[in-house]
Amino acid sequence: MSPLIELTGVSKILKGQQEPRTILDGVDLEVNAGRSIAIVGRSGSGKSTLLSVLGLFDRADEGTYRLDGQDITRLPERRAAKLRSSHFGFVFQRFFLLKHLTAAQNVSMALVNGQGWLPRRNRRAQVMAALDQVGIAHLARNKPPRMSGGEQQRVAIARALVRNPKILLADEPTGALDTETGTSVIDSLLAATGRGCGLVLVTHDRDHAARMDRTLDLVDGVLTERVPA
Amino acid sequence: MIRLSGRFRSALIIGLQGIRARKTRTLLSMISLFLGVLAVVVVQTGASIAERARLADVELTEGIDGTTVLELNPTPEAAKIVVDTLDGSTGATALVSVAATIGEPGVTAVNPGGSPFDEDWGAPQDCTPDGVCTARPAGQAIDLQISAMTSDVREFRPFRHRSGEWLDFTTIPALAPRLVLNEEAARGFAEHRVPAELHIPGATSNITPQFIGVVDDGNTSPTAYARLDELNNWLSAEGVVDPNGGNGVQVMLAPGNPVAQVLTAKLRGIGVDTYARTINSRKDMQDELKLFRLIFLAMAALVLLIGVAGILNVGLATVGERVEEFALRRAVGTPRSLLAGIVLAETLLTGLLTAAAAIGLSAAGLKALSALFGDQQPFLRDVQFPWEAGVAGIIAGLIAGILGGFVPALRAAGIPIATVMRA
Ligand SMILES: Nc1ncnc2c1ncn2[C@@H]1O[C@H](COP(=O)(O)OP(=O)(O)OP(=O)(O)O)[C@@H](O)[C@H]1O
Ligand SMILES: [Mg+2]
């Protein structure tokens, strides 16, 4: 089976006012369906940058990006937006929930794409299913300011899952949570890999990293497999 | 199409959510925009009402556009030629104006000289050939103009029916002339009790007229309308015309009526010059009013522009505050165009809400004005809020929404997605 995502020799070079800085340096990476990858590394090593290339937020300056076997290295923004909504789910360290919307409305936000919204009835069913997957269907009508951090992060995960993405990208999703809550958030993410989703998790937490199928180390933009000790 | 409408709908719904989440912001935008939109609506309302009032009357007093009017010096021969030439022809009416008095003979009328009843022009004097003049004693009489017609003048001047009947030109002329009064004359007869006796200078006997109806002819001086042939029963065609009294003979003709040339030729034959003109008053007045309206609208647009600056200011601040929301929306696949659409939808809805408020206030204000001052100002009597003003208000709101939302929309669409990773 061909990998979901295949990066070959991807580099990201930042051209600021000063001399160019290489943030990612010849990264090779494969993400497979149903498998999980942890990416660890020091602060500033380029983990978030790698995720934003993976999630089509940003383009690689060198190398190729294959998604489902197709070369999408140079993709117009409009098609990238479409792929983001059809293939990817994102979870961030901060939850980015809209305060004025209920949990259900926050989740259904991800159901808007270039075609507009899904029909209302399908939308409701999908939103409730996603909230149920992370165990907070009973909070559907609550607004974020009245939820705990763990609950809010679950809403964010439900928002990432609602489109049944092929790949979940999580950037330190437990960074703002206590150990116990963090563990249950990782449980929710791993549960998605059980349904065939590929997972890329950026984390500082060794225990969380150890629960993934592979752990990769990013040092100054160079990605290396961490050999199990 | 389905794609577009789906997008449009999402933009509207998300925009509405945004408005509901930021009510204070929306209110501030609306306040800054309100005066501008209100100014546009008020200018349009005023202009439309003024135009309607003035244009409506100009057709009554001058005639509808395109009508040819022949004016001629009233000599008895000319009058006879006019009457004979027009006899039985359609699309042409001759009007002979006669000064008349109804009431006691030989007295000063309550409105000397046929002036409007509220104006006082002083008592007329009778002068003997050797230059001795004496004022007539005051008495119960009303001076008015009688417009005697060869056929129905309403073809050219669409009088508004007020009460009673209009003259019937198909019957045999009645012996006592039937008169239709205009509103001012009707008011005079209602306010002053005068004997029903009609005097016309040059006529030897007096007669009792029949008042059969009242029309609005747009004229503020008392006037009565009669069939010329009914006056002639009692006063010869030549007698009706008094060369010294300055009474006019006016012929109104439909556009392109060949009678005009025949009549002009015949009159020239007896040495009477005619002066022809084509009525264009409505168009002239419209052009003039349009200029005024443009000047006032330009001023209103300036006020509106200040409002746009306000909405722009609030909009930019809001986008700055919502950077993360927009970055996140892009991350979950919302295209830039929809994002821009959401921001535009918010300002457009704000503009429309403002327009609705301004239109509502103007309509209510107009109603109040009409109720308070309708009695004194006829143009305020049962005025309807003009639809043009409503349309102008909505357009002003939309334009302000687009102008005020455009830059914030571009900003929102340009927010990099990676913002969510660095927050
Ligand atoms: N837009 C940008 N402008 C300038 N420098 C940037 C920009 N984006 C990233 N960088 C730099 O790129 C490097 C990698 O950043 P990145 O956010 O990927 O690190 P990270 O591994 O996610 O760090 P952390 O663990 O602290 O989140 C950093 O040195 C950062 O300063
Ligand atoms: Mg990071």
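Chain letters run A, B, ... following the sequence lines, proteins first, then strands; residues in each count from 1.
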Are there over 12 heavy-atom neighbours, none belonging to [X], within less than 6.0 Å of that residue's [atom1]?
| X | atom1 | value |
| --- | --- | --- |
| B/Q384 | CD | no |
| A/R42 | CZ | no |
| A/D220 | CG | no |
| B/R411 | CZ | no |

One pair to check against side-chain contact (heavy atoms from CB on, under 4.5 Å): A/H100 and B/R20. What are the steps and the verdict?
CA-CA 8 Å; A/H100 60 275; B/R20 281 178 44 198; over 6 Å; no

Hey, are the side chains of [X] and [Y] touching, using non-hydrogen atoms and a 4.5 Å cut-off?
| X | Y | value |
| --- | --- | --- |
| A/R84 | B/I417 | yes |
| B/Q17 | A/L101 | yes |
| B/R330 | A/E77 | yes |
| A/L98 | B/R322 | no |

- Query: If you look at every heavy atom in B/V332 and A/S85, which pair is closest and at what distance?
  - Reply: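 Nearest heavy atoms, B/V332 then A/S85: O-CB, 3.3 Å.
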
Can you see which heavy atom on B/A331 is nearest to which on A/F90, and at what distance?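 So the two residues come closest at O-CE1, 3.1 Å.
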
Item to complete: First locate atom CE of A/M109, then atom CD of B/E325, and finally report the distance between them rounded to the nearest 0.5 Å.
Response: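 Interatomic distance, A/M109 CE to B/E325 CD, rounded to 0.5 Å: 6.5 Å.
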
request  = Report the distance from atom CD of B/E324 to atom CZ of A/F92, rounding to the nearest 0.5 Å.
outcome  =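 Rounded to the nearest 0.5 Å, the CD-CZ separation comes to 11.0 Å.
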
Which atoms of [X] come close to chain B, meaning under 4.5 Å heavy atom to heavy atom: side chain ones, backbone ones, both, or neither?
| X | result |
| --- | --- |
| A/D58 | neither |
| A/L97 | neither |
| A/Q105 | side chain |

message: Quick check on B/R22 against chain A: is it the side chain, the backbone, both or neither that has a heavy atom closer than 4.5 Å?
response: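 The side chain, not the backbone.
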
For B/R336, is it the side chain, the backbone, both, or neither that has a heavy atom closer than 4.5 Å to a heavy atom of chain A?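 The side chain, not the backbone.
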
### Message
Quick test of your reading: applying ring pair (Phe, Tyr, Trp, His ring centres under 6.0 Å), list the pairs with at least one residue in residues 305-353 of chain B, sequence neighbours left out, ordered by first then second residue.
### Response
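For residues 305-353 of chain B: none.
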
request  = Tell me, with the steps shown, if B/L328 and A/R94 meet side-chain contact (heavy atoms from CB on, under 4.5 Å).
outcome  = CA-CA 11 Å; B/L328 179 79; A/R94 285 182 46 206; over 6 Å; no

